[in-house]
Asker: 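One structure, as structure tokens, below. Some questions next.
Computed over heavy atoms, backbone and side chain alike; hydrogens, waters and symmetry mates excluded. What you see is a predicted model; the values in this text were computed from it and never measured. Letters A, B, ... are given to chains in the order of the sequence lines, protein chains preceding strands, and every chain is numbered from 1.
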4 protein chains.
Amino acid sequence: MTDDVKPAPARPRRLPRDVRERQILDAAVQVFSRHGYHAASMDEISDVAGVSKPMIYAYLGAKEDLFAKCVSREAARLLEAVRMGLHADLPPDMQLWHGLRGFYQFVAAHRDGWTVLHRQALTVGGQFAGEVNDLRARAIEMVSTLVVTTGTKKGLGDVAEFSGPALAVSLVGAAESLADWWLDHPDVSDSVLASWLMNLVWLGFNDLVEGEVWRPQ
Amino acid sequence: MTDDVKPAPARPRRLPRDVRERQILDAAVQVFSRHGYHAASMDEISDVAGVSKPMIYAYLGAKEDLFAKCVSREAARLLEAVRMGLHADLPPDMQLWHGLRGFYQFVAAHRDGWTVLHRQALTVGGQFAGEVNDLRARAIEMVSTLVVTTGTKKGLGDVAEFSGPALAVSLVGAAESLADWWLDHPDVSDSVLASWLMNLVWLGFNDLVEGEVWRPQ
Amino acid sequence: MTDDVKPAPARPRRLPRDVRERQILDAAVQVFSRHGYHAASMDEISDVAGVSKPMIYAYLGAKEDLFAKCVSREAARLLEAVRMGLHADLPPDMQLWHGLRGFYQFVAAHRDGWTVLHRQALTVGGQFAGEVNDLRARAIEMVSTLVVTTGTKKGLGDVAEFSGPALAVSLVGAAESLADWWLDHPDVSDSVLASWLMNLVWLGFNDLVEGEVWRPQ
Amino acid sequence: MTDDVKPAPARPRRLPRDVRERQILDAAVQVFSRHGYHAASMDEISDVAGVSKPMIYAYLGAKEDLFAKCVSREAARLLEAVRMGLHADLPPDMQLWHGLRGFYQFVAAHRDGWTVLHRQALTVGGQFAGEVNDLRARAIEMVSTLVVTTGTKKGLGDVAEFSGPALAVSLVGAAESLADWWLDHPDVSDSVLASWLMNLVWLGFNDLVEGEVWRPQ
DNA sequence: TATGAATGAGCATTCATTCAT
DNA sequence: AATGAATGAATGCTCATTCAT
């Protein structure tokens with residue numbers, strides 16, 4: 001019985017569960033990122049994942065669950081990336097600067113994940129927007145805390161011309177917007193991006209014109 | 001007992017074409033805003049518009065065309081609102097301030113339109129994102145021009161710590177972000193919003209802490 | 001009151017009924033011929049006719065009626081064209097020959113009508129096929145009569161090798177087939193076509209090979 | 001009381017793909033034959049096939065593809081049936097006779113297929129008519145070759161009174177017409193039909209009247 | 001563990017037909 | 001005599017989801 005021809009095990013079958021789950025999640029993030037929640041089809045996801053549809057249902061549940069899990073995973077990654085830059089023993093501006101760098105590093109490393117969080121999750125009603133909005137709210141609050149403590153220490157109030165929370169919202173929006181812009185201008189480093197934002201927020205246009213500049217550390 | 005019950009002409013049938021078109025567009029913007037392009041159904045749009053589906057197809061074409069027309073109309077409105085604030089004979093900061101007020105007035109008057117432009121149009125591949133991105137690009141360029149001319153007049157270059165276009169991108173992002181925040185905090189006037197942004201951008205956090213403030217005029 | 005500018009009466013409105021009916025029928029034949037009964041749309045017919053849809057319904061009834069009237073008109077025309085060639089006082093072969101010429105003259109003059117009769121009417125179930133089949137049956141019977149009387153006069157029976165009706169059916173089919181072929185080879189005259197068929201039927205391939213030929217008169 | 005009622009496996013579910021495909025094609029040919037391409041509905045086809053609509057789309061594609069596949073299958077069958085009768089080593093008349101018999105055997109065995117090819121495929125614009133016309137053209141050319149070679153061997157030219165190709169066209173038309181007639185007169189055998197045509201074409205009406213007859217072999 | 005086979009339900013789109021003017 | 005305005009009813013097609021193996 002010499003016939004030991006094997007059917008080419010190129011793509012190994014019978015993988016352990018967590019490996020399969022990661023494959024599927026990766027594929028799902030990719031497809032959701034490209035088409036959005038509604039236009040993405042389970043068929044395409046299963047194709048990209050190299051797995052049959054029933055497996056997706058068995059491991060990760062229905063489409064909604066799958067999307068939720070994508071959002072959660074990417075949100076956790078983003079949060080982790082930002083957290084790594086925040087050391088409580090640094091001065092507020094340095095915390096902000098490192099946080100921004102962490103954020104841009106996440107965006108660079110997980111474009112699809114970023115798209116899912118920033119573009120797709122918000123357009124689907126209900127819980128998904130909820131999760132992302134929570135994330136956003138946390139980011140805003142972190143910034144707000146940094147900013148407001150600094151401000152109040154020096155006597156800054158919440159007057160018509162200024163609002164701490166509004167500043168935080170603006171900063172987060174500016175950071176996001178710059179992240180999108182970055183996707184089309186990849187030859188800028190994440191620390192340069194963070195510097196621009198710091199200068200904008202900390203010094204403002206006027207001081208920049210005057211020649212003042214903020215620099216890390 | 002003259003029973004003067006009239007056949008209730010409540011909703012007049014047989015309206016002229018342009019009136020119907022407006023009705024349909026209004027309904028479409030509303031529905032697209034709520035559910036996004038893919039999840040929106042022509043059935044719901046026709047219900048909301050109080051018109052049968054064939055009319056939609058007869059007057060405004062297929063779903064894609066309909067969405068495109070929504071986007072175009074709202075984009076035109078937004079552009080108009082911003083333009084009304086820009087008078088070439090004003091100093092740059094005042095132009096910016098009035099432009100921002102126009103923007104927030106549009107957002108307040110057309111929440112659904114704003115959602116369609118900001119959230120929904122960008123998630124659908126192709127031409128729609130294209131149109132909105134063009135709009136955004138124009139806004140960014142307008143801001144960029146204002147900012148850069150001011151800057152260069154005073155000798156500001158494009159250095160590592162600062163970039164004119166990036167500043168514009170950030171400002172637009174901040175303005176958008178603040179617009180979203182505003183939807184949940186409607187008790188702030190559009191001029192206050194604009195003032196906050198002006199102070200952030202023109203003076204920066206540092207100057208604000210020092211007690212300096214930008215005020216219109 | 002000098003303002004006698006008139007709105008250019010290019011296409012005269014307010015035409016008498018029978019003129020409108022002809023316009024509509026002509027358009028209908030054309031459209032049915034191009035697309036077939038089911039794929040033809042009342043919209044296109046009304047466009048081609050230069051008349052609004054309600055007029056079609058008012059003058060000629062629903063789509064089915066309209067198609068029926070097209071079929072009837074063209075069938076009558078065809079019948080008339082063939083009849084003009086049949087003079088009872090001519091010998092059978094000459095009757096056949098003139099009938100064939102009439103048939104081809106109709107086809108040449110009314111391509112669309114011929115298509116409707118030959119191609120479209122037969123694919124729609126029910127009455128339409130009925131009318132055309134009647135027409136066909138009449139043609140076949142006419143031919144059959146010619147042929148059979150000639151045959152029986154000379155003692156020809158209905159044997160296994162031959163059947164009068166079947167011959168007629170074949171001849172009609174051959175004539176139709178040649179009509180279709182003619183549409184792509186328009187540089188042949190109708191009398192040549194008729195001659196070919198006469199030679200085929202009357203003499204047969206074998207005699208032709210032997211050099212015998214049938215000629216009119 | 002052993003109650004051996006079984007769950008009735010009457011119609012087995014879960015069939016392999018190729019079996020289902022055949023079922024669907026059979027149903028489609030039947031339905032297209034009855035109503036024509038446009039009037040046939042995918043719903044009815046799926047009903048007749050005993051299969052849900054999505055299976056049709058999954059296995060055979062959209063309506064157009066489905067129709068194309070029906071046409072192709074039946075065309076291939078017809079071609080095969082005719083080819084089986086043509087042996088290059090037979091004399092021309094015998095080849096023709098056997099080819100005709102093959103043709104009529106196909107018509108008898110696949111009435112619906114024949115209708116689809118002869119009636120329905122030609123009324124739908126585009127590729128379908130194309131395929132059937134190709135088939136027809138091949139048949140005509142085959143006949144033409146048989147006839148013309150015989151003719152030229154004996155000195156027959158292409159004169160006004162006769163044309164080889166036109167004869168072929170006529171013969172094919174006659175054969176088709178006779179096939180239709182046969183559907184209403186099923187008590188005639190295919191060899192009798194073929195004989196009639198042979199006598200018509202080979203000998204012609206005149207010789208038949210004179211008592212001459214063509215017989216196979 | 002893994003999948004081919006199968007479907008209910010929904011959606012975009014079109015069409016014949018009529019009403020009000 | 002003539003039409004713009006309007007719709008009920010279908011039809012082609014797709015998708016998320018499950019079953020049987």
Side-chain angles (χ1 to χ4, degrees), chain A residues 12-17 19-20 37-46 50-59 61-67, chain B residues 12-21 38-46 50-59 61-66, chain C residues 12-17 19-20 37-46 50-59 61-67, chain D residues 12-21 38-46 50-59 61-66:
Chain A
R13 320 208 132 231
R14 301 266 155 178
L15 293 181
R17 173 160 183 156
V19 177
R20 283 282 193 231
Y37 176 73
H38 288 288
S41 87
M42 297 296 275
D43 267 298
E44 184 175 354
I45 294 176
S46 80
V51 158
S52 73
K53 273 188 294 177
M55 291 228 59
I56 302 184
Y57 284 87
Y59 283 171
K63 192 184 188 183
E64 224 171 288
D65 304 305
L66 179 57
F67 189 66
Chain B
R13 322 213 133 237
R14 263 328 116 148
L15 295 181
R17 173 163 183 157
D18 52 347
V19 176
R20 282 284 191 234
E21 286 193 357
H38 289 288
S41 87
M42 296 298 274
D43 266 298
E44 185 176 354
I45 294 175
S46 79
V51 158
S52 71
K53 271 188 295 175
M55 293 245 59
I56 303 185
Y57 285 89
Y59 285 170
K63 193 183 188 183
E64 219 171 293
D65 303 304
L66 179 57
Chain C
R13 319 203 135 236
R14 302 267 156 178
L15 294 181
R17 173 160 182 158
V19 176
R20 283 282 192 230
Y37 176 74
H38 288 287
S41 87
M42 297 297 274
D43 267 299
E44 184 175 355
I45 294 176
S46 80
V51 158
S52 74
K53 272 187 294 176
M55 291 230 57
I56 302 184
Y57 284 87
Y59 283 172
K63 193 183 187 184
E64 223 171 289
D65 304 305
L66 178 57
F67 188 66
Chain D
R13 323 212 132 240
R14 276 309 131 145
L15 296 180
R17 171 164 185 157
D18 51 346
V19 176
R20 282 283 191 236
E21 287 193 356
H38 288 288
S41 88
M42 297 298 275
D43 267 299
E44 184 175 353
I45 294 175
S46 79
V51 158
S52 71
K53 268 188 298 176
M55 293 245 60
I56 303 185
Y57 286 90
Y59 284 169
K63 194 183 188 183
E64 219 171 293
D65 304 303
L66 178 57

Asker: Can you see which heavy atom on D:S52 is nearest to which on D:S46, and at what distance?
Answerer: C-CB, 4.1 Å
Asker: Can you tell me how far the CZ atom of B:R17 sits from the CE atom of B:M55, to the nearest 0.5 Å?
Answerer: 8.0 Å
Asker: Rounded to the nearest Å, what distance is computed from the CE atom of residue C:M42 to the P atom of nucleotide F:dA10?
Answerer: 18 Å
Asker: For the pair made of CG in B:D43 and C1' in F:dA10, what is the distance, rounded to whole Å?
Answerer: 13 Å
Asker: Please round to the nearest 0.5 Å and tell me the distance separating atom CD1 of C:I56 and atom CG of C:D43.
Answerer: 8.5 Å
Asker: Please determine if a side-chain N or O atom of B:R20 lies less than 4.0 Å away from the OP1 or OP2 oxygen of F:dA6.
Answerer: yes
Asker: Please find the pair of heavy atoms, one from D:H38 and one from C:A39, that lie closest to each other, and give the distance.
Answerer: NE2-CB, 3.4 Å
Asker: Expressed as a whole number of angstroms, how long is the span from C:E44:CD to E:dA16:C1'?
Answerer: 15 Å
Asker: Rounded to whole angstroms, how far apart are CD1 on A:I56 and P on F:dC15?
Answerer: 14 Å
Asker: Could you check whether the side chain of C:K53 and the base of E:dT18 have a donor-acceptor pair of N or O atoms closer than 3.5 Å, going by distance alone?
Answerer: no
Asker: What residues, two or more places apart in sequence or in another chain, satisfy side-chain contact (heavy atoms from CB on, under 4.5 Å) together with D:E44?
Answerer: D:V31, D:R34, D:H35, D:S41, D:V48
Asker: Pick base, sugar-phosphate or nothing for A:A62, based on heavy-atom distances below 4.0 Å to the nucleic acid.
Answerer: sugar-phosphate
Asker: So if I take every side-chain heavy atom of B:K63 and compare against F:dA2, E:dT13, F:dA5, which nucleotide ends up nearest?
Answerer: E:dT13
Asker: Please report the shortest heavy-atom distance between A:K63 and A:Y37, naming the atom on each side.
Answerer: NZ-O, 2.9 Å
Asker: Return the value, rounded to whole Å, for the distance between atom NE2 of C:H38 and atom P of E:dA16.
Answerer: 11 Å
Asker: Could you tell me the separation between the OH atom of C:Y37 and the P atom of E:dC15, rounded to a whole number of Å?
Answerer: 14 Å
Asker: Classify B:A39 by what it touches in the nucleic acid, base, sugar-phosphate, or nothing, heavy-atom distance under 4.0 Å.
Answerer: nothing
Asker: In dot-bracket, 5' to 3', how would DNA chain E read with Watson-Crick or G-U wobble pairs under 3.5 Å, [ ] for crossing ones and | for pairs to another strand?
Answerer: .||||||||||||||||||||
Asker: Find which nucleotide of DNA chain F each of B:P54 and D:P54 is nearest to by heavy atoms, and output the residue with the more 5' nucleotide.
Answerer: B:P54
Asker: Does E:dC19 have OP1 or OP2 sitting under 4.0 Å from an N or O in the side chain of C:Y57?
Answerer: no
Asker: Any idea which of F:dT11, E:dA2, E:dA5 is nearest the D:M55 side chain?
Answerer: E:dA5
Asker: Whole angstroms only, please: what is the OH-P distance between B:Y59 and E:dT14?
Answerer: 17 Å
Asker: Nearest whole Å is fine: how far is F:dA16 P from A:E64 CD?
Answerer: 12 Å
Asker: Heavy atoms under 4.0 Å, any strand shown: does C:R17 hit a base, just sugar-phosphate, or nothing?
Answerer: nothing
Asker: Can you measure from OH (B:Y59) to CG (B:L66) and round to the nearest 0.5 angstrom?
Answerer: 14.5 Å
